[in-house]
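Worksheet: one structure, shown below.
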Amino acid sequence: MGEHEHSYIASGSKDDLLKRLRRIEGQTRGLQRMVEEDTYCIDILTQVSATTKALESFALGLLDEHLAHCVAHAIETGDGADEKLAEASRAIARLVRS
């Protein structure tokens, strides 16, 4: 999946990120249920919006972790700081475009 074989996500943050993903999974299942139950379209779209915002929030939290750990570590050690900053910049650009 990714190029790197390890993660710098702190265990407390990892737990929070996993909780957020479980909530998003529940929201997505709720969308499926709403479609199956022929829920009013506008109500489904409202839930889609909430799910989209939850995913955006998750992505920003993960990006914050990357900056706080991976990028900061690269800067502190001088090991690939320019590469990590460029990588973060590309990730931000992808998030903004989506």
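Remark: Thr77 pairs with His73, Asp79 by the side-chain contact (heavy atoms from CB on, under 4.5 Å) rule, at least two apart or across chains. Under the rule for a side-chain contact (heavy atoms from CB on, under 4.5 Å), the partners of Glu25 that lie at least two apart in sequence or sit in another chain are Arg29. Qualifying side-chain contact (heavy atoms from CB on, under 4.5 Å) partners for Leu17, counting only residues two or more places apart in sequence or in other chains: Ile9, Phe58, Leu62, Glu65.
With rounding to the nearest 0.5 Å, the separation of OG1 in Thr51 from CD1 in Ile24 is 8.0 Å. In this structure, CD1 in Ile92 is found 11.5 Å from CZ in Arg97, a value given to the nearest 0.5 Å. Once rounded to the nearest 0.5 Å, the distance linking CG of Leu60 with CG of Leu95 reads 6.5 Å. Atom CG of Leu55 sits about 12.0 Å away from atom CZ of Arg23, to the nearest 0.5 Å. To the nearest 0.5 Å, atom CG of residue Leu45 and atom OG1 of residue Thr39 are 11.5 Å apart.
The pair Arg90-Glu87 does not meet the salt-bridge criterion, since no charged nitrogen lies less than 4.0 angstrom from a carboxylate oxygen. The pair Glu56-Lys53 meets the salt-bridge criterion, since a charged nitrogen lies less than 4.0 angstrom from a carboxylate oxygen. Ion pair Arg20/Asp16 flagged as a salt bridge, since at least one NZ, NE, NH1 or NH2 atom sits closer than 4.0 Å to an Asp/Glu carboxylate oxygen.
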inquiry  = One pair to check against side chain to side chain contact (heavy atoms under 4.5 Å, CB included): Leu18 and Arg22. What are the steps and the verdict?
reply    = CA-CA 6 Å; Leu18 288 170; Arg22 287 184 195 103; 3.7 Å; yes
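Taking all atoms of both residues into account, the shortest heavy-atom contact from Lys84 to Ala74 is CG-CB, 3.5 Å. A pairwise comparison of heavy atoms in Gln27 and Ala54 identifies OE1-CB, 3.4 Å as the closest pair.
No single ILVMFWY cluster, assembled from side-chain heavy atoms under 4.5 Å apart, contains both Met34 and Ile42.
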